[in-house]
Structure formats: C-alpha cells, structure tokens
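Order of the sequence lines fixes the chain letters, A, B, ..., with proteins taken first and strands second; residue numbering starts at 1 for each chain.
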Amino acid sequence: MHAFRTHTCGDLRKAHVGQNVRLSGWVHRRRDHGGLVFLDLRDHYGLTQCVVEPDSPAFALADAARQEWVVTVTGPVVARPAETVNEALPSGEVEVRIETFAVQSRAEELPLQVFGDIEYPEETRLKYRFLDLRREALHRNIILRSNIIASLRRRMIAEGFTEFQTPILTASSPEGARDFLVPSRLHPGKFYALPQAPQQFKQLIMVAGFDRYFQIAPCFRDEDARADRSPGEFYQLDLEMSFVTQDDVFTAVEPVLHGLFEEFADGRSVSPLPFKRIPYAEAMLKYGSDKPDLRLPPTMDIIDVTAEFNDPSVEFKAFKNVIAQGGVVRAIPAPGAAAQPRSFFDKLNDWARSEMKAAGLGYVVFEADGGKGPIAKFIPDPVQKALIAKAKLKPGDALFFAADKPEKAAKLAGAARLKIGAELGLKAVPYYDFHFCWIIDFPMYEWNEDEKKIDFSHNPFSMPQFDHDAFLKLTGEDKDTVLGIKAFQYDIVCNGIELSSGAIRNHLPDVMIKAFDLAGYGREVVEAKFGGMLNAFRYGAPPHGGTAPGIDRMVMLLAGEENLREVTMFPMNQRAEDLMMGAPSDVTPKQLRELHIRIVPPEKG
RNA sequence: GGGGGCGUAGCUCAGUUGGUUAGAGUGUCGGCCUGUCACGCCGAAGGUCGCGGGUUCGAGCCCCGUCGCUCCCGCCA
C-alpha cells in the first residue's frame, strides 16, 4: 500500500465499499461524540468523512487530532446507514472506518479558519495566504484561473498562434507607466527595467519574420493599485500578427474571447459575435466613457442637449453660463424615474457634488402633464417637447443633466448613467451577462493643458489614420489637424471594464519619427529610447498589429469577483507589499556595494 | 500626493448619552455524549480596546497626533 494514499479525498463512492483504503489530507472538521469521533478529511480533490470508534487501536491518536493537522488514515470503506447519507457531499454515501492513524504534521491555533466562509481582513488573509488558499472559494478561483489560461493557450494555438518568451530584464522606456528598475552589477549606475508589456519585443518578433505570436505575458508597472489593478505585476494574453488590418485582428481575437467566456460562463450569457464596434467619439458622447457598460438599456444613452439649453427661450443661467464658456450639456435619460421618491434625485445630486466634484446634477421629470422638478420652470414648453423628442422619452421618464467642459460633462454623465442604471435596476433587452464591444478610432494625440503641449493620447506605436505623405508634412503649427488625427487603436471592453488595448502598429521609421516629433520628442530621443525597434524597421518591417487582453481581469469577470486578489494566488497588498514573504525587504550592505548603490532615505516631513 | 471607511479576545464582531468587574459567537483547553456532518451539553483560560498625548471626578466611547489595513481620486502610453 502506498505510504500516503490509495485514493484522494474526492474519490470514494458506494462502489468502493469493502475496499481497504488509505487517505491523506487535512482535518477539515472534527465532530466528537465521545465514544465516536468523526473527522472530515480534505485534500485538493474533495472531502471524505472518516470515523473512529473507541475500540479501534487508532482511537487515542485520531481523537487527539485537531483542525488542519495533516494526517493519514487507513481502513475499510463502509456504506453509511441510509439515514446518515450526506447528499451534499459527493462521497456522502460512504465513510472510512479508521483502523490506523498517522499524524504527518500538526497545526497551531489558526489565525484564519479554513472551514466555513467567515470573512477575514485582507491583512490576515495575505499574511496567511497558504491558509486562505485552502479555503473553498479562493481554491476554486485559482483553479478557474488555471483552466482559463489553459483554454486560452489551446484556443490561441488552434488559431495558428505560437507562444514565445520575451525577456524579463530589459530597457527602461520613457512614455507610459513608471518602470520597475533593476540595478546592473556589471554596469555601475545603469539599470534594467522590468517590461511594462512585451510591446517592442512582440513587434520585433514580427520584424523577425515570425507570425501570429502570443504569450501569457507578465507585465510590470510601478503604479498605485486599485481593486481591479494589481500593484506591480499582472498578466496579459499578449498577441501580435503580421500583414493584418484592424479587422483581421478582430476576427482572430473575437472567437478566442467569445469561446473562452462561453466555456466558463456557467449559465451566464455572452453577447454574440461579432462584437459591436463603437468609435471613441461616439462612446464618449453616448456612454460618457471609453469603456461603456452595454448591459444598460439603449434608452439610457446619453444625448447632447447643448443646443436646446442654448435656445434664447431657456432662462436657466447656470447652464447658459457653462455653454458661454465653451461647455456642453449632456442629458442622461432615467426611464420610469417618476416613480422614485424625491430623495432619489437629491441623493444623485449630492453624489455628483461630493464624489464627482461637479456643480450638480440637474433633472426634469416628464409627467404626462409636463415637466416637473427644480429647473423645469426655466425650460419653456417647446424646448421641453424638443428634449422629449430628442431623448425619445415616455411619460414618467426623467432626464438628468451634466453641464461642464466637454470632457468633464462626458465623465459626469457617464458615471451618472451607471449609477442611475444600477439604482433603477435597468437592463438592456436582450440582456447579456458578458457584453463585449470594441472601441475603435481613438485619437492619436491629446492636448496637455498643464504643459500646453501635444501628447500621445494612447500608444505611441500605433499607426495614424492619415495619408502618409501629408502626415510627414505636419508640424506643431497644425495643432487642430494633429489633435483631430485618429489612430488604428482599439480597446476591447466587457461590462464597463477595459480588457485590452491594441493597435495596428506604425512600422515606418519616417512616420514614427514624425509621430514623436509632433508630441515634442526629437529624433535623438526616439533613436536613443527606441533605437532597437526603429533600427529594425529600417530592414524590412511587415505591417503588423495586435492586442493584449488582461488575464487577471478576465478571470475576475468569469469568477464573479470584484477584487483581483480573489483571483491571484499570491497577491501583494495595496501598498505593494508581500505580507507573507516580507517583500520589499532590506538587503545587506554587501549586496548594495556590489550594485554600486547607496540608499538616500526620504526626509521625514 | 489627496480624500473616505475601519482598527475591541487567536479569529469574526457587539459595546447605548462618557459611568460598577468590557461581552457574544467561533477557535483553544478540560468534562459529558455511539450517527454527526455549522453535532449537542457543561465549565475554563484568553484583553496594551492599534499606539502616543489631551479633555474629564471618570475615556473602548470625546479631541489632537500617529501607525496599520482598505476603498476611491491623482497615476496606470
């Protein structure tokens, strides 16, 4: 007989009755009836009830066992009496009668119970992650994560993609997030950077003549965390393809994501292929966001009502002043909101003022006999009718108004749309639990108001949607033209979460240098910082493009969790500390000397 | 860097208007119990009320500071 087990704790069924078996696992739960002790034994595979009676030679040992001890039991599988069958347990028809009992390892009093579903503070859960991982919910999520990654690999390979590894120690890059730096021992004063993404490498893989690359790629960014954003490190399904248009990328990626979500939907619905494509400008107007949640009904689509409020007959000064200063008024329809109490509207206004730092969130309730609410009296009947027509309102619907500079108004309207939709419990018809869309035609540049300069608005490596020769002739003088340029840049969005960002890349050195030039980076800077890739483009670069869906976020969606730590095996806390391993940590003076590093502690404020 | 919330037994939490010896559940330890599966019953141990200062006759509770955790904003091409 094997030293530890002949079966797992998830194996035993009625068919095993009579066999002598050996199980090893953790003592999940102990029920002591004096003369009779039940031990639920747990391993990765399941739970099996074991029982020991006083006349058993193993009784004293087994009776002493406590929660989370690791033990090995040996004995016959017996059928449980009919009235004691546990239907909640797959092995519930049988139990193991303990004849010999061995303790493999004991457990101290637990800081966190494995049994049950008590909620524990993050600090405890992270410090004792190995205990938390034993618990059912987290254990299940981590297995789900593994299955999702395995499925992605299968699907990508089936689509003709090949997985390649790219370096973890690479060069720091100027744009984008803050790099994690690794000091070089051999080159005093110089640093490697951990890759924010294998962006340049995957493009170089295309230049190198490979095609259809993918990787479950670790990415590192030294930025602050959020519930849906791990500090430090995360994983992407990184992919890149040669000789493709934007549509080819979509066609390659859609079935992978759709198939994945269908596979793990577990009864939930997935929006059908092809995913809706929404230009950035339209998304910002209709949803107030570049990551719209399409689970809300189209009757809640935001509309621009600047013209209506600018009509001479409207006497509402607050909005008129905003418009006079270049602002806009956006209206968020709230279907059926007339049934809500006054407090519903007041709370939303308070929310807009406190959390969104807005001047307020005005509203009009359109009853059958006319508009109601604090600002309705400033809006004459013809304009009210125009608003009703434009927003396609029915009696009993309301409109909320966000008035501000275009970006701020869009942002407030977008947040209000989500909040109102959630409060009213409104759902699109047909409703999909996972509602995907592509956001396309992102602007190439944006105006940086603080520094009064043109910035890349997204990815400096994407191809502008602009005539090649005309683009090369652009200068900083053509500000409006430059700010109007769209890029072959796209995002995949699901349920209001940005899953991935991608682009058809700029593979032409002259366009790339001009693109950086327009954002205020001289040729020297581009040569110095992206010389490797730029140089590669001078030796025959194929047109190429790709994207990189965030794996952690996909797992989060499919697991139905709202925090990445619930789907990450060993996460750090929000301050980027590993409480279990004690990272980051001090290092020895010797280590620092070897790296030519001296610590200059921050001055205490 | 900024804002909100939280911090009481190993763990999860309660603790009234500032008022006697700070409680419950769970876990731990001891006793009883032969069919439980959140077993049950009896008992015990277990507390720097995060830390420091202040107000007060009296502080878990009020005030100030500080530390930790968490959520959000900034940030995340």
Practice task
Please determine if A:R229 and A:E223 form a salt bridge, counting it only when a charged side-chain N lies under 4.0 Å from a carboxylate O.
Solution key: no
Completion exercise
Using Watson-Crick geometry (N1-N3 plus N6-O4 or O6-N4) or G-U wobble (N1-O2, O6-N3), each under 3.5 Å, B:G1 is paired with B:C73
Handout entry: Check: A:Y120 ring centroid to A:Y128 ring centroid under 6.0 Å
Key = no
Exercise for the section: Could you check which nucleotide pairs with B:A59 in any of the strands shown, counting Watson-Crick or G-U wobble with both distances under 3.5 Å? Expected result: none
Practice task
Establish whether the base of B:G35 is bridged to the side chain of A:E95 by a donor-acceptor pair shorter than 3.5 Å.
Solution key: yes
Practice task
Describe the nucleic acid contact of A:D222 in one word from base, sugar-phosphate, nothing, applying a heavy-atom distance below 4.0 Å.
Solution key: nothing
Practice task
Could you check how far OH of A:Y128 sits from P of B:U12, rounded to whole Å?
Solution key: 11 Å
Handout entry: Atom P, compared across B:U16 and B:C63: separation rounded to whole Å
Key = 14 Å
Problem - Polar side-chain contact A:Q113-B:U12 base: donor and acceptor under 3.5 Å - result: no
Problem - Check: A:R229 side chain, B:C76 base, donor-acceptor under 3.5 Å - result: yes
Exercise for the section: Indicate, with a heavy-atom threshold strictly under 4.0 Å, whether A:R226 touches base, sugar-phosphate, or nothing. Expected result: base
Handout entry: Phosphate contact (B:G35 OP1 or OP2) by A:R80 side-chain N/O below 4.0 Å
Key = no
Handout entry: Distance between P atoms of B:A14 and B:G58 (Å, rounded)
Key = 29 Å
Practice task
Could you check which nucleotide pairs with B:G43 in any of the strands shown, counting Watson-Crick or G-U wobble with both distances under 3.5 Å?
Solution key: B:C29
Handout entry: Centroid under 5.5 Å and tilt under 30°, A:H33 to B:U36
Key = no
Result block: side-chain N/O donor-acceptor pairs under 3.5 angstrom for residues 54-63 of chain A, not counting sequence neighbours:
unit_1 : atom_1 : unit_2 : atom_2 : d
A:S56  : OG     : A:A58  : N      : 3.0
A:S56  : OG     : A:I98  : O      : 3.1
A:D63  : OD1    : A:R30  : NH2    : 3.2

Exercise for the section: Please state the P separation for the pair B:U55 and B:G60 - nearest whole angstrom. Expected result: 16 Å
Handout entry: A:Y490 side chain near A:I492 side chain, heavy-atom distance below 4.5 Å
Key = no
Practice task
Can you tell me the pairing partner of B:C6 across any strand shown, Watson-Crick or G-U wobble, with both distances under 3.5 angstrom?
Solution key: B:G68
Exercise for the section: Would you classify A:I118 as touching base, sugar-phosphate or nothing, given that sugar-phosphate means primed atoms plus P, OP1 and OP2, and contacts are heavy atoms under 4.0 Å? Expected result: sugar-phosphate
Handout entry: Flag if over 12 foreign heavy atoms under 6.0 Å of CZ, A:F234
Key = yes
